[in-house]
Amino acid sequence: MLEHHANQAAGLLGLGSRNGPRMLAVVNHGDEQAELPLLWQLCLALVNFGYAVTVLDATTHESDANPGLLELLESAHWHDNTTRDTPAWLVLPAGNGMQSLCAPHSPRIRGLQQLGHLFPQESVVVLYCKVEWMIPLIAGTRIEPLLAVSQTRTSLITSYLALKRLLITGKLQPTIVNMIQAQPSASPTPELPASASLSECAKRFLGQDVKALNIIEELSEEIQSEDIQRLALRLMENALTLSGMDAPIATNASASMAHFDQVDHFAGSH
């Protein structure tokens with residue numbers, strides 16, 4: 001753990017622990033080359049700050065062999081007698097669970113309350129899903145969804161469509177991140193990033209002035225750039241607190257999450 005940044009995050013840790021689990025969001029628009037490295041680095045930074053992190057991966061659907069969010073939502077208490085410690089970093093399949101939360105008959109506040117009761121008070125929940133499922137839950141909130149772009153051919157198109165929905169339909173201000181692969185010192189100058197074109201499209205067609213951050217994709221768990229740590233702290237400042245507003249649902253978060261201790265850390269899952 002980097003002590004300097006751990007001290008920097010101490011205030012945020014205290015703030016989150018008083019109110020409930022905090023939610024962040026990462027957009028899935030089809031560019032896994034950019035999205036997955038960013039998600040991995042973000043989770044690693046949060047864990048290094050001392051948070052327990054759960055990624056709700058709506059790109060993967062729950063199954064009998066690989067249970068996830070849907071099973072947590074449908075059961076107030078897991079009949080699980082295990083006492084093993086819950087890992088600090090979990091990835092749960094959440095495709096079916098997100099569909100349930102976003103159903104037309106399911107009020108948004110109820111869905112957020114349900115999520116708030118499922119996870120430990122001091123933890124961070126990272127929602128990784130398509131914009132279509134993200135907006136019904138977090139539209140109009142302070143969350144700054146991460147929108148990662150790369151130099152792949154389709155990234156500009158898919159990220160623009162996602163950006164348009166976030167800004168106009170969701171009334172959300174996303175943080176655009178240009179993921180840059182680490183280059184040897186002798187490498188030629190990289191071409192203009194896709195994020196520059198995305199910013200230009202947003203200004204020309206949507207009348208929105210959006211800026212992008214450049215994040216270098218680190219290949220080692222031993223390396224944590226200050227850029228990604230600053231980004232993690234900034235996102236936590238605008239995270240959505242999943243605090244229950246009614247009587248708590250009877251649940252044992254530790255026992256419930258222990259049911260998923262077979263789920264790999266994100267780096268190993270993808």
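Predicted model, so just to flag it, every value in this text is computed and none were measured.
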Problem - Leu70 reachable from Leu92 in the ILVMFWY side-chain graph, under 4.5 Å edges - result: no
Practice task
Return the minimal non-hydrogen interatomic distance between Pro120 and Pro21, and the atom names on each side.
Solution key: O-CB, 3.5 Å
Handout entry: Heavy-atom pair of closest approach, residues Asn214 and Asp227
Key = O-OD2, 4.0 Å
Completion exercise
Shortest non-hydrogen pair, Thr241 vs Gly20, comes out as CG2-N, 4.0 Å
Exercise for the section: Taking all non-hydrogen atoms of both residues into account, name the closest pair between Ala34 and Met179 and its distance. Expected result: O-CG, 3.4 Å
Problem - Leu24 and Leu46, any side-chain heavy atoms less than 4.5 Å apart - result: yes
Practice task
Might you work through the side-chain contact (heavy atoms from CB on, under 4.5 Å) test for Leu115 and Leu101, ending with a clear yes or no?
Solution key: CA-CA 9 Å; Leu115 290 176; Leu101 290 175; 4.0 Å; yes
Exercise for the section: Kindly indicate, with the supporting measurements, whether the criterion side-chain contact (heavy atoms from CB on, under 4.5 Å) is fulfilled by Val55 and Cys43. Expected result: CA-CA 8 Å; Val55 177; Cys43 290; 3.5 Å; yes
Exercise for the section: Check step by step if side-chain contact (heavy atoms from CB on, under 4.5 Å) holds for Phe119 and Val124. Expected result: CA-CA 8 Å; Phe119 305 102; Val124 177; over 6 Å; no
Exercise for the section: Hey, could you give me the CD/CG distance between Gln114 and Leu72, rounded to the nearest 0.5 Å? Expected result: 11.0 Å
Fill in the blank from the handout: The reported gap from CZ in Arg22 to CD1 in Ile143 (rounded to nearest 0.5 angstrom) is 10.0 Å
Exercise for the section: Taking all non-hydrogen atoms of both residues into account, name the closest pair between Ala232 and Phe49 and its distance. Expected result: CB-CE1, 4.1 Å
Handout entry: Donor-acceptor pair between Ser225 and Arg230 side chains, under 3.5 angstrom
Key = no
Handout entry: Contact check, side chains of Leu235 and Leu146, non-hydrogen atoms, under 4.5 Å
Key = yes
Exercise for the section: Report the distance from atom CZ of Arg142 to atom CE of Met23, rounding to the nearest 0.5 Å. Expected result: 15.5 Å
Exercise for the section: State, yes or no, whether a side-chain contact exists between Leu112 and Leu240 at a heavy-atom distance under 4.5 Å. Expected result: yes
Handout entry: Side chain to side chain, Pro174 and Glu144, heavy atoms closer than 4.5 Å
Key = no
Exercise for the section: Answer yes or no: is there a side-chain heavy-atom contact under 4.5 Å between His29 and Leu161? Expected result: no
Handout entry: Any donor-acceptor N/O pair, Thr158 side chain to Thr154 backbone, under 3.5 Å
Key = yes
Practice task
Answer whether the closest heavy-atom distance between the side chains of Tyr128 and Glu35 falls below 4.5 Å.
Solution key: yes
Practice task
Answer whether the closest heavy-atom distance between the side chains of Val126 and Leu39 falls below 4.5 Å.
Solution key: yes
Completion exercise
Value for CG (Asp57) from CE (Met98), rounded to nearest 0.5 Å, stands at 11.0 Å
Exercise for the section: Report the distance from atom OG of Ser100 to atom CD of Glu74, rounding to the nearest 0.5 Å. Expected result: 7.0 Å
Problem - Distance (rounded to the nearest 0.5 Å) between Ser123 OG and Gln121 CD - result: 8.0 Å
Problem - Between Thr152 and Ser150: side-chain donor-acceptor atoms closer than 3.5 Å - result: yes
Problem - Sub-4.5 Å side-chain heavy-atom contact between Leu38 and Ile228 - result: yes
Fill in the blank from the handout: Minimal heavy-atom distance between Pro145 and Val27, with the atoms involved, is CB-CG2, 4.0 Å
